[in-house]
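What you are looking at is a predicted structure, and each value in this text was computed from that prediction instead of being measured. We count residues from 1, following the sequence as given.
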Amino acid sequence: MEEKREDEELDFDGLQDKFGGITPYQVGMIVLVSILPFGTGFMSQTSVFFSGIPEHRCAVPPFESEPPSYVDENVTDIFIPKGDSCKRYDYDITECESSIDACLGQDINATKDCDNGWVYSDEYYTETTVSQFNLVCGRSSLDALANSMYFVGVFVGSALIGPLMDWFGRKVSMLITCIGVIVTSLLVAFSSSYEMYISMRVLQAMTSIPCFIAYYTYVNEMTTRKWKTLVGAYANTTTAISHTVLPLLAYFLRYWRNLGICVSLLCTPYLIIYFFIPKSPRWLLIKKRDGEAKEIVKKYAKSKKQELQDEDWELVVKNENNKMSASSQEVRYTILDLYKPTLMRVVSINICYLWFSISMLFYGLTLNVRTLVGDPYVNALLNGFVEIVGYAMFLGTTRLIGIRITGSLSYFLSGICCLTTMLLFQFANGNTAMEEASRWVAILGKLFATLAFGLIYQFTTELYPTVARGTAMSMGSMSARIGSIIMPFTLELQKSIPWLTQTIFGILGVIGGLTCLLLPETTDRGFTSSIDDAENFYRKSMKFTASLLKKTDEVYQSEPKSDREVNGYEFDYDEEKIEQSVTQF
């Protein structure tokens with residue numbers, strides 16, 4: 001009888017357990033599609049080199065060499081004040097009769113802004129957007145604006161990708177965004193003006209990060225509950241590898257346009273791979289496309305030399321449908337739906353803050369690599385490499401102490417590293433050892449920020465039900481982009497208040513470490529299917545929070561309700577029911 005009872009409760013995760021866990025077919029598809037995040041992973045990091053700031057000084061014609069050289073010692077020593085590359089001494093150059101020596105007779109202490117453009121060093125970069133569009137000195141805020149607008153694009157794309165995934169599927173969403181990445185990245189590389197560049201970067205951003213979100217959701221749904229943490233770590237590691245490869249490409253392609261063309265083509269293999277990968281069977285099930293899902297699951301079983309039994313499949317379909325009402329399979333969820341159930345509202349607010357804060361930390365530490373002492377290519381390489389280490393740590397620590405505690409520690413330690421970096425740099429006063437130490441502590445902070453970033457992707461997919469998982473990922477990504485949009489201007493603050501930027505990052509990280517503890521543990525737990533299913537899970541796992549909200553006395557029905565009916569409120573609009581009620585009245 002016990003065996004019969006378990007069979008009657010067979011769901012999709014249980015069916016995969018009967019196959020013996022993840023199958024070779026699933027592994028093959030997950031590996032095959034990983035070309036996509038490898039290609040898109042470059043896009044958010046190219047700003048490190050696109051916006052590379054070369055050493056620069058005011059141009060002083062007619063005394064420049066041909067071509068102008070940044071290290072022209074005569075010009076620099078005579079015309080440029082020490083420590084201020086955005087000013088030049090106010091010599092009357094027209095009276096110098098094209099002779100530098102003639103200028104020396106003028107008694108000048110006043111300075112003026114660069115009025116004839118700038119000369120840039122080519123020690124590290126042949127040309128960047130900063131040198132091409134002269135985004136230095138009084139125009140440096142335009143560089144911050146360009147980086148901020150990129151994340152505005154990500155914000156818009158993140159708002160669109162959730163509904164796109166939930167309505168049309170993960171596979172189609174990956175194709176649409178992949179094509180968008182290729183086209184817009186080429187347009188970025190061929191931008192002829194600052195205005196065109198910033199516009200194309202916004203369009204590029206609307207597809208690149210959303211493309212990764214679609215991929216991440218897809219591979220998580222293609223795996224089993226016991227492998228989801230490993231697959232999540234693998235998914236993030238593919239982007240970490242691209243971040244590590246990028247400095248090597250940038251080192252050999254020091255002209256920003258050449259680098260842009262190169263990375264734009266790295267997603268193209270997916271256009272072929274698309275025709276060889278299946279749709280997500282979990283998504284097909286909630287869309288009542290049981291036949292299509294069954295054919296895919298048959299391939300799962302066949303790759304393990306097993307056969308899918310019809311009676312098993314019928315039980316899976318029945319039990320998965322029982323987790324959702326008939327209306328919930330047809331409902332198209334929006335972000336507002338994630339705030340209607342009481343405990344899901346608490347989870348969603350927390351998740352939004354965690355995405356917001358880690359985006360500030362992760363991208364702030366990434367872009368700030370330009371200001372660290374040492375070779376920018378080496379620093380960027382180290383920054384990329386620690387991402388690989390971070391995701392490896394994520395896999396090990398979550399298995400050892402769980403995803404919730406790992407998240408808390410990673411946020412907290414990244415914040416502490418930012419605060420330590422600030423203190424070391426503040427008190428260095430030219431001390432080379434302390435400046436070098438601040439560099440390594442900053443890179444260590446990037447390690448913990450990477451761990452936290454990988455975790456929040458995984459945590460979000462595990463906390464929310466299948467019917468709204470894409471929408472939840474979209475909501476989290478949108479929250480992250482608010483942090484990313486603010487981040488470039490936060491970096492600008494350190495030019496006037498050197499200690500403020502890292503202090504902001506540090507405080508955000510420490511608070512994130514504390515709020516992460518309020519979320520439930522999800523390690524080794526299967527995915528929930530419906531809104532009610534998720535709310536019941538929160539109620540069992542977040543007893544302290546539930547007690548604070550004085551909702552512990554409410555017992556949820558074991559029988560599923562409409563996903564729009566939460567905490568006693570009915571959100572479905574049914575004309576027939578309303579008409580009947582009015583008639584009875």
message: Is it the case that the side chains of Gln26 and Gln16 hold a donor-acceptor pair, with the cut-off being a distance below 3.5 Å and no angle test?
response: yes
task: Ignoring hydrogens and angles, tell me if any N or O in the side chain of Thr460 forms a donor-acceptor pair with the backbone of Met473 under 3.5 Å.
output: no
field: Main-chain N/O of Phe19 paired to Gln306 side chain as donor or acceptor, under 3.5 Å
entry: yes
- request: State whether a side-chain donor-acceptor pair under 3.5 Å links Ser185 with Ser264.
  value: no
field: Short side-chain to backbone donor-acceptor contact, Tyr353 and Leu508, under 3.5 Å
entry: yes
field: Side-chain donor or acceptor of Ser479 paired with backbone N/O of Met475 under 3.5 Å
entry: yes
- prompt: Between Glu221 and Ser280, does any side-chain donor sit less than 3.5 Å from a side-chain acceptor?
  reply: yes
message: Closer than 3.5 angstrom, by distance alone: can the side chain of Lys171 be matched with the main-chain N or O of Ile277 as a donor-acceptor pair?
response: yes
field: Value rounded to 0.5 Å, distance of CD1 in Ile209 from OG in Ser158
entry: 7.5 Å
task: Taking the six-membered ring for Trp and the full ring for Phe, Tyr or His, determine whether the centres of Tyr457 and Trp355 are under 6.0 Å apart.
output: yes
message: So does Glu127 get a backbone contact from the side chain of Ser131, meaning a donor-acceptor N/O pair under 3.5 Å?
response: no
- prompt: What do the steps show when you test Glu292 against Lys287 for salt bridge (charged side-chain N to carboxylate O under 4.0 Å, His left out), and what is the final call?
  reply: CA-CA 10 Å; Glu292 293 179 62; Lys287 293 297 180 181; over 6 Å; no
- prompt: Is Tyr251 atom OH crowded by more than 12 heavy atoms from other residues, nucleotides or ligands, each under 6.0 Å away?
  reply: no
- prompt: Does some side-chain heavy atom of Tyr464 sit less than 4.5 Å from a side-chain heavy atom of Met344?
  reply: yes
From Thr217 atom OG1 to Met174 atom CE, the distance as rounded to the nearest 0.5 Å: 9.5 Å
- request: For the residue pair Phe42 and Thr239, establish whether any side-chain heavy-atom pair is separated by less than 4.5 Å.
  value: no
message: Restricting to non-hydrogen atoms, name the atom on Ser148 and the atom on Pro488 that form the minimum distance, rounded to 0.1 Å.
response: N-CG, 3.5 Å
query: Side chains of Glu462 and Thr522: is there a donor and an acceptor less than 3.5 Å apart?
result: yes
task: Keeping the roles fixed (side chain from Ser51, backbone from Val48), state whether a donor-acceptor pair exists under 3.5 Å.
output: no
task: Taking all non-hydrogen atoms of both residues into account, name the closest pair between Leu187 and Met196 and its distance.
output: O-CE, 4.1 Å
message: Run the salt bridge (charged side-chain N to carboxylate O under 4.0 Å, His left out) test on Arg282 and Asp13 for me, step by step, so that the C-alpha distance in whole Å, both residues' side-chain angles and the decisive distance to 0.1 Å come before the verdict.
response: CA-CA 10 Å; Arg282 293 181 189 270; Asp13 285 311; 2.8 Å; yes
message: Can you confirm whether the side chains of Arg201 and Thr46 place a donor and an acceptor under 3.5 Å from each other?
response: yes
query: Would one find more than 12 heavy atoms of other residues, nucleotides or ligands at under 6.0 Å from atom CH2 of Trp227?
result: no
message: For the backbone of Ala250 and the side chain of Arg254, can you confirm whether one donor and one acceptor N or O come within less than 3.5 Å of each other?
response: no
query: Does the side chain of Leu203 come within less than 4.5 Å of Thr207's, by heavy atoms?
result: no
- prompt: Going through the distances and angles, do Ile261 and Leu253 end up as a side chain to side chain contact (heavy atoms under 4.5 Å, CB included)?
  reply: CA-CA 10 Å; Ile261 294 170; Leu253 303 171; over 6 Å; no
- request: Check whether any side-chain heavy atom of Tyr125 lies under 4.5 Å from a side-chain heavy atom of Thr128, and answer yes or no.
  value: yes
task: Decide if atom NZ of Lys226 counts as having more than 12 heavy atoms of other residues, nucleotides or ligands within a radius under 6.0 Å.
output: no
Spatial distance of atom CG (Leu382) from atom CG (Leu444) [nearest 0.5 Å]: 12.0 Å
query: What's the spacing between Thr334 OG1 and Asp337 CG if we round to 0.5 Å?
result: 4.0 Å
field: Any side-chain heavy-atom pair of Asn350 and Leu354 under 4.5 Å
entry: yes
- prompt: Do you see a donor-acceptor pair shorter than 3.5 Å between the side chains of Tyr215 and Thr177?
  reply: no
- request: Could you walk me through whether Met200 and Phe190 pass the side chain to side chain contact (heavy atoms under 4.5 Å, CB included) test, one step at a time?
  value: CA-CA 10 Å; Met200 293 304 103; Phe190 288 103; over 6 Å; no
- prompt: Which word best sums up how the rings of Tyr363 and Phe453 line up, parallel for under 30°, tilted for 30 to 60°, or perpendicular for over 60°?
  reply: perpendicular
- prompt: Can you pull the salt bridge (Lys or Arg N to Asp or Glu O under 4.0 Å) pairs that have at least one residue in residues 449-461, sequence neighbours excluded?
  reply: none
message: Checking Asn220 against Gln458: is there a side-chain donor and acceptor pair closer than 3.5 Å?
response: yes
query: Does some side-chain heavy atom of Val297 sit less than 4.5 Å from a side-chain heavy atom of Phe12?
result: yes
Tyr124 atom OH, neighbour heavy-atom count above 12 within 6.0 Å: yes
- prompt: Do Trp256 and Gln132 have a side chain donor and acceptor closer than 3.5 Å?
  reply: yes
- prompt: Are Tyr391 and Tyr234 close enough that their ring centers fall under 6.0 Å?
  reply: no
- prompt: Between Ile273 and Leu32, which heavy-atom pair has the shortest distance, and what is it?
  reply: CD1-O, 3.4 Å
field: Where Thr23 and Ser303 come nearest, the two heavy atoms and their spacing
entry: CB-OG, 3.3 Å
field: Polar side-chain atom of Arg257 near backbone of Ser191 as donor-acceptor pair, under 3.5 Å
entry: yes
- prompt: Of the options Asp375, Thr244, Leu246, Val245, which is the one that meets Leu381 in a side-chain contact (heavy atoms from CB on, under 4.5 Å)?
  reply: Thr244
From OG1 (Thr366) to CG (Asn383), nearest 0.5 Å: 5.5 Å
query: Is there a donor in the side chain of Ser359 and an acceptor in the side chain of Ser484, or the other way round, less than 3.5 Å apart?
result: yes
message: For Tyr274 and Tyr270, take the angle between the two ring planes, folded into 0 to 90°, and tell me which bin it lands in: parallel under 30, tilted 30 to 60, perpendicular over 60.
response: perpendicular
Proximity of Tyr377 and Phe49 rings by center, below 6.0 Å: yes
- prompt: Under 4.5 Å between any side-chain heavy atoms of Glu295 and Pro278, yes or no?
  reply: no
query: Is there a donor-acceptor pair under 3.5 Å between the side chain of Asn147 and the backbone N or O of Asp143?
result: yes
task: Could you pull out the closest heavy-atom pair between Leu491 and Gly364, with the gap in Å?
output: CD2-O, 4.0 Å
- prompt: Looking only at heavy atoms, what is the nearest atom pair of Ala293 and Pro281, with distance?
  reply: CB-O, 3.8 Å
query: Going by atom types only, do Arg404 and Ser408 share a side-chain donor-acceptor pair under 3.5 Å?
result: no
- prompt: How long is the gap from CG on Asp533 to OH on Tyr538, to the nearest 0.5 Å?
  reply: 10.0 Å
- prompt: Hey, are the side chains of Leu455 and Ile403 touching, using non-hydrogen atoms and a 4.5 Å cut-off?
  reply: yes
- prompt: Going by atom types alone, do Ser208 and Tyr150 pair a side-chain donor with an acceptor below 3.5 Å?
  reply: yes
task: Would you please test Cys352 and Met478 for side chain to side chain contact (heavy atoms under 4.5 Å, CB included) and show each step?
output: CA-CA 8 Å; Cys352 284; Met478 288 171 63; over 6 Å; no
